[in-house]
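Following: one structure in C-alpha cells, then a few remarks.
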Amino acid sequence: MIHPEAAETHEAAHGLRAEDVISAAGTLVEREEGTVNSDLPTGEVELRVSSFDLLADADTPPFQIDEDDPVSEELRLQYRYLDLRKRPMTQSIVLRHRVVSAIRRHLEAEGFLDIETPILTRSTPEGARDYLVPSRPQPGSWYALPQSPQLFKQLLMMSGFERYYQIARCFRDEDLRADRQPEFTQLDMELAFVDEEDVLATCDRLIGQVLAVGGIEAPQEIERLTYGESMLRYGSDRPDRRIPIEIADLGQVFAASEFKVFSGALGAGEVVRGFATSGEFPRSRFDSLTERARSLGAKGLVWGVLEPDGWRSPVAKFLSEEEIAGMMAATGAKDGDAILVVADDAATAARVLGELRLDVGEPEGGHDLVWVVDFPMFEWNEEGQRWDALHHPFTAPSGDLEADPGTWRSRAYDLVMDGTEIGGGSIRINTPELQSKVFGALGMSPAEAEERFGFLLRALRYGAPPHGGIAFGLDRIVALLAGRTSIREVIAFPKTASGADPLTGAPAPVDTRQLRELGLRIQAPPAG
RNA sequence: GCGGGCGUAGCUCAGUUGGUUAGAGCGCCGGCCUGUCACGCCGGAGGUCGCCGGUUCAAGUCCGGUCGCUCGCGCCA
C-alpha cells in the first residue's frame with residue numbers, strides 16, 4: 001500500500017507492472033477497520049511503503065500468472081519458469097521436495113546408504129531401447145544411459161553395502177504417455193540377507209511415511225494379492241480395488257450348459273467369467289460394450305439384465321433358471337443389475353473383463369494400496385517364439401526349476417496404488433549357476449550371456465549374499481499425492497510426448513565439428 | 001508405427017447449411033477514478049484462422065497432405 005500523501009513514491013508506483021521485481025521499505029501496520037480481508041493470508045496487515053526500488057522490470061508475460069485459466073501445455077513448457085510461478089506448480093514442486101526429504105530421513109534412520117551409480121554405462125540390449133552416448137576416444141563405441149541402476153545396486157550388495165538407496169534418474173527411449181517421460185526418477189533400494197518378508201515390511205514402513213506427506217494414511221501392513229487372484233478377480237495385475245466390481249468364475253455354473261458358447265469353451269479348456277454391475281443399461285450401451293470387448297480380442301460378450309419380470313438377454317432362451325440363479329449368486333448380482341460374461345481363453349477373458357470393469361465401474365472414495373505377489377517368471381513371446389522375463393532376468397525364480405519354464409514363478413512383487421503400479425522389485429538371483437540357468441531359459445546361449453552379462457556372472461562367483469530390493473516411481477507417487485494425472489505436473493522441466501523440451505529446444509542438431517570429433521556422420525533418414 | 005481429440009488476437013475460447021468488414025472475456029496501450037487486494041469507468045491497438053496444396057465465383061468452414069500439442073494402442077526386461 002502506498003499512501004497518496006507520499007506523492008513522489010505514489011507517482012513512481014504507477015509505472016510498476018505485473019511481475020516487476022521490487023524491494024520496498026515501509027511500516028507494517030494493522031489494517032484499518034473495513035479494509036481487513038480474511039481471505040488473504042496477509043489480510044490483517046499492510047505495508048505502508050515509504051520508498052521502493054525497481055530491481056528488475058518485467059516484460060508482459062505470455063500468459064497471466066495470477067489466474068487459474070488453463071494455458072496450453074506447450075506454451076507452459078516453453079515458459080516453464082513462468083509456469084512454475086503459478087501456485088499449483090509451486091505446490092507440486094514443494095510437495096515433491098517434501099516427499100524426497102521424508103524418504104531420505106526415513107531410510108537413513110533405517111541405516112540405508114545413498115550411493116550414486118554411473119549415468120554413462122553399458123548398453124544391455126534387453127528391455128527398453130537405450131539412449132546412447134558416443135565415446136570420443138573410442139569412435140564406434142557407445143555408452144548407454146541407465147534404464148535403472150539395477151545391476152550396479154546388485155554389485156553394491158556383493159560389495160557388502162547391505163542397505164542401499166538412491167533417488168536415481170533413469171532413461172528409456174520408448175514412446176511416452178501421461179505417466180511416462182524419457183527420463184524419470186526412481187526411488188531405488190536394495191537390501192542384503194533378506195527375503196520377501198523383509199523387503200515388503202521395510203516398504204510398508206516407508207510408504208506409510210511417504211503417504212503421510214500427502215495426508216494419506218496407509219495401512220501398517222499393506223494387503224497382498226497373488227498375481228493369479230488379481231487376474232481372476234480384477235482382470236489386471238494392477239487392480240484398482242476402489243471399483244466395487246469383482247469378476248467371478250462361472251465355470252461351475254455352466255459346466256453342463258445347453259448354451260454351446262459356454263459349454264463349448266469350457267470343454268476346450270477355456271473359461272467363462274463375468275461380473276455384475278449396477279447402473280443404466282439401455283441396449284445401445286451393451287452394443288458399445290460388445291464392440292469394445294471385440295476390439296480387445298474377445299470373441300463376443302454375453303449380457304443380461306435382471307429385470308422384475310425376468311432375465312432380459314439375447315441369450316435368455318439358452319439359459320436355465322438354475323444357471324441364471326447360479327450366475328447371480330457367483331457375481332453377487334442384485335435385481336436390476338447387468339451381468340457381462342466372456343467365454344474365452346483365460347488370458348483374454350481376464351484382459352477383456354478387466355478393461356470392461358474399468359470402463360463400467362467408478363472408483364469409490366479413498367485410496368487403495370495392494371502388493372501383487374507370486375508372478376509368473378516368464379511370458380511367452382509369440383513374435384520371438386521364446387520366453388521373456390516378466391520382471392527382469394535377475395529376479396530369483398521359484399517353483400520346480402526342472403519343469404517347463406512356463407510354470408516357474410518369480411519372487412517378484414509390485415506395489416499398486418489406485419490402479420497404478422508405483423513400485424516393483426524382487427528377490428534376486430545370487431549364484432552364477434542359477435543366473436546362467438535363467439539366461440538359458442530366456443534363450444540366451446552361454447556365449448551371449450557371457451558377452452552381455454559376463455561382469456555380473458563373474459561378480460556372482462565371488463560370494464554374493466542373498467539380496468533383494470525394489471524401485472518406486474517417484475514421479476508417479478508424487479503425482480498421486482498431488483492429485484495430478486500427468487507426471488509432467490510434478491517435474492520441474494519435463495518433456496513433451498515427442499521427447500522435446502520447448503524451453504531449450506532440445507533435442508537439436510549439433511555442429512558438424514562435434515560430430516567429426518566423435519567419428520559420426522548423419523545419414524539422411526530413409527525416404528518415405 | 002497406429003487410432004482419437006485439439007490448433008482462430010498475447011492468453012482462453014466462440015465462429016451457423018461455404019458468402020460481404022473474423023468476434024467475446026482476460027491481458028496490453030492511453031485517459032479518468034483512487035482504500036484497493038479478480039478495483040471501476042471511457043477509449044484504443046492487436047489476426048499468416050498451424051503450414052502446403054486442392055475443390056469453388058467465394059474457404060476459418062469442404063477435401064488431401066503435413067507439422068505441433070495431447071490422450072490411448074503397439075512399445076515400455
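Order of the sequence lines sets the chain letters (A, B, ...), proteins ahead of strands, with each chain counted from 1.
The side chain of Glu174(A) lies closest to C75(B), out of A77(B), C75(B), G72(B). When the nucleotides G35(B), U70(B), C69(B) are ranked by their closest atom to the side chain of Ala497(A), U70(B) comes out on top. The listed nucleotides are C71(B), G68(B), U12(B); the one nearest the side chain of Ala178(A) is C71(B). Distance from the side chain of Arg48(A) is smallest for G35(B) among the nucleotides C69(B), G35(B), A77(B). Distances from the side chain of Glu46(A) to the nucleotides C71(B), G35(B), A77(B) place G35(B) closest. When distances run from any side-chain atom of Thr60(A) to the nucleotides C28(B), G74(B), U12(B), the shortest one goes to C28(B).
As the counterpart of U20(B), no nucleotide is assigned, since no Watson-Crick or G-U wobble pattern has both distances under 3.5 Å. In this structure, G25(B) forms a base pair with C11(B), meeting either the Watson-Crick or the G-U wobble geometry with both donor-acceptor distances under 3.5 Å. Base pairing analysis places C73(B) opposite G1(B); the two distances defining the Watson-Crick or G-U wobble pair are each below 3.5 Å. When both distances must be under 3.5 Å, the Watson-Crick or G-U wobble mate of G64(B) is C52(B).
Side chain of Asp130(A) to main chain of Leu132(A): no donor-acceptor pair is present (N/O by atom type, distance under 3.5 Å, no hydrogens or angles). In this structure a side-chain-to-backbone donor-acceptor pair under 3.5 Å is present from Gln147(A) to Ala128(A). Asp368(A) contributes a side-chain N or O that, together with a main-chain N or O of Arg241(A), makes up a donor-acceptor pair within less than 3.5 Å. Within the 3.5 Å criterion, the main-chain N or O of Asn381(A) finds no donor-acceptor partner in the side chain of Arg386(A). No donor-acceptor distance shorter than 3.5 angstrom exists from the side chain of Ser426(A) to the backbone of Arg428(A), with no hydrogens or angles considered. Although no hydrogens or angles enter the test, the distance criterion places no donor-acceptor pair under 3.5 Å between the side chain of Ser236(A) and the main chain of Gly354(A). A donor-acceptor pair under 3.5 Å is formed between the side chain of Arg351(A) and the backbone N or O of Leu296(A).
Using a 4.0 Å cut-off, no side-chain N or O of Ser72(A) falls inside it from OP1 or OP2 of U70(B). For U70(B), the OP1/OP2 oxygens have no side-chain nitrogen or oxygen of Arg76(A) closer than 4.0 Å. At least one side-chain nitrogen or oxygen of Arg17(A) sits closer than 4.0 Å to the OP1 or OP2 atom of C29(B).
At whole-Å resolution of the value, CD in Glu44(A) and P in C37(B) are 18 Å apart. Protein atom CZ of Arg292(A) is 12 Å distant from nucleotide atom P of G72(B), rounded to whole Å. Rounded to whole angstrom, the span from the CG atom of Leu82(A) across to the P atom of G27(B) amounts to 17 Å. Here the P atom of nucleotide C13(B) and the CG atom of Asp68(A) are 14 Å apart, to the nearest Å. One interatomic measurement links the two molecules: CZ of Arg129(A) to P of C76(B), which rounds to 9 Å at whole-angstrom precision. Atoms CG (Asp66(A)) and P (G10(B)) sit 20 Å apart, rounded to a whole Å. Rounded to an integer number of Å, the gap from CD of Gln147(A) to P of C75(B) is 16 Å. A straight line from CG of Asp69(A) to P of A9(B) spans 15 Å, rounded to a whole angstrom.
C32(B) and A24(B) are spaced 25 Å apart, taking the C1' atom of each and rounding to whole Å. Annotation: C62(B) and C39(B) have their C1' atoms spaced 47 Å apart (nearest Å). Atom P of C26(B) sits at a distance of 28 Å from the matching atom of U21(B), rounded to the whole Å. Comparing C57(B) with C41(B), their P atoms sit 49 Å apart, to the nearest whole Å. Comparing G7(B) with G60(B), their P atoms are spaced 15 Å from each other, to the whole Å. On the C1' atoms, G64(B) is 27 Å away from G74(B), given to the nearest whole Å. G10(B) sits 27 Å from U66(B) when the C1' atoms are compared, rounded to a whole Å. U16(B) and A59(B) have their C1' atoms separated by 15 Å, given to the nearest Å.
The residue Thr395(A) sits apart from the nucleic acid: no heavy atom pair falls under 4.0 Å. Counting any heavy atom pair closer than 4.0 Å across all strands shown, Asp175(A) reaches a base atom. Residue contacts shown for Glu73(A) are limited to sugar-phosphate atoms, with no base heavy atom under 4.0 Å away. Base engagement by Pro393(A) is indicated by at least one non-hydrogen atom pair under 4.0 Å involving a base atom. When heavy atoms are screened at a 4.0 angstrom cut-off, Leu75(A) is found touching the sugar-phosphate backbone but no base atom.
Ring orientation note: the planes of Phe378(A) and Trp408(A) are tilted relative to one another, at an angle of 30° to 60°.
Counting all heavy atoms, side chain and backbone alike, Arg17(A) lies closest to Asp59(A) at NH2-CA, 4.4 Å. Considering every non-hydrogen atom in both Trp387(A) and Gly406(A), the closest pair reads CH2-CA, 3.4 Å.
For Asp345(A) and Thr348(A), the side-chain atoms include at least one donor-acceptor pair closer than 3.5 Å. Side-chain polar atoms of Gln150(A) and Gln154(A) form a donor-acceptor pair below 3.5 angstrom. Counting only N and O atoms by type, the side chains of Gln166(A) and Thr117(A) include a donor and acceptor under 3.5 Å apart. With 3.5 Å as the limit, one finds a donor-acceptor pair spanning the side chains of Tyr164(A) and Asp188(A). For the 3.5 Å distance criterion, the side chains of Arg409(A) and Thr226(A) fail to qualify, holding no donor opposite an acceptor.
One can find a donor-acceptor pair under 3.5 Å joining the base of C76(B) and the side-chain atoms of Arg180(A). Below the 3.5 angstrom threshold, one finds a donor paired with an acceptor across the side chain of Arg177(A) and the base of G74(B). With hydrogens and angles ignored, a donor-acceptor pair under 3.5 angstrom links the side chain of Arg31(A) to the base of C37(B).
Both Ser148(A) and Asp179(A) lie near RNA chain B, and the one whose nearest nucleotide falls closer to the 5' end is Asp179(A). The residue among Val71(A) and Gln64(A) whose nearest nucleotide of RNA chain B is located toward the 5' end is Val71(A).
Side-chain atoms of Val29(A) and Glu46(A), non-hydrogen and from C-beta on, do get closer than 4.5 Å to each other.
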Expected rows: protein N/O vs nucleotides 42-44 of chain B N/O, under 3.5 Å:
none

Pairs under 3.5 Å (N/O, protein and nucleotides 2-8 of chain B):
none

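Contacts with RNA chain B (heavy atom under 4.0 Å) in residues 232-242 of chain A: none are found.
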